[in-house]
Amino acid sequence: MLRARRGRPGAAFLQLAVAARAMAGVSELESALQMEPAAFQALYSAEKPKRDDENLIFFCQMGKRGLQATQLAQGLGYTGARNYAGAYREWFQKEG
């Protein structure tokens, strides 16, 4: 997952991509998003997303798990949750 911040999208990508890599997968996301902020920070070494963050972007290698994660986050009240439909492959081709 990545949280885009104005003016610093690359830094946000690196910080939260590291947190997402530490997760076992979409199955762990639900409990992670329900953690207290301090527990999330301690476990993932990243700031826990806020429910009202404008752009909470989920992605994966091909697109399926990113969509599942987006739907899960939206169901938990993360109104800015979005899926990067092109997935990591597209991002890497364009930006990497």
_So does A32 get a backbone contact from the side chain of Y44, meaning a donor-acceptor N/O pair under 3.5 Å?_
no
*Check R51 against L76 and note the closest heavy-atom contact, atom names and distance.*
NH1-O, 2.6 Å
*Under 3.5 Å: donor-acceptor pair, side chain of T70, backbone of R82*: yes
*asked:* Looking at K48 and L33, would you say the former's side chain and the latter's main chain have a donor-acceptor pair under 3.5 Å?
replied: yes
*Is there a path of hydrophobic side-chain contacts, each under 4.5 Å between heavy atoms of I, L, V, M, F, W or Y residues, that connects L56 with L72?*
yes
*Smallest separation among heavy atoms of A69 and L29, with atom names*: CB-CD2, 3.5 Å
*From CG (D53) to NZ (K50), nearest 0.5 Å*: 6.0 Å
*Determine yes or no for a side-chain-to-main-chain donor-acceptor pair under 3.5 angstrom, with R65 supplying the side chain and F58 the backbone.*
no
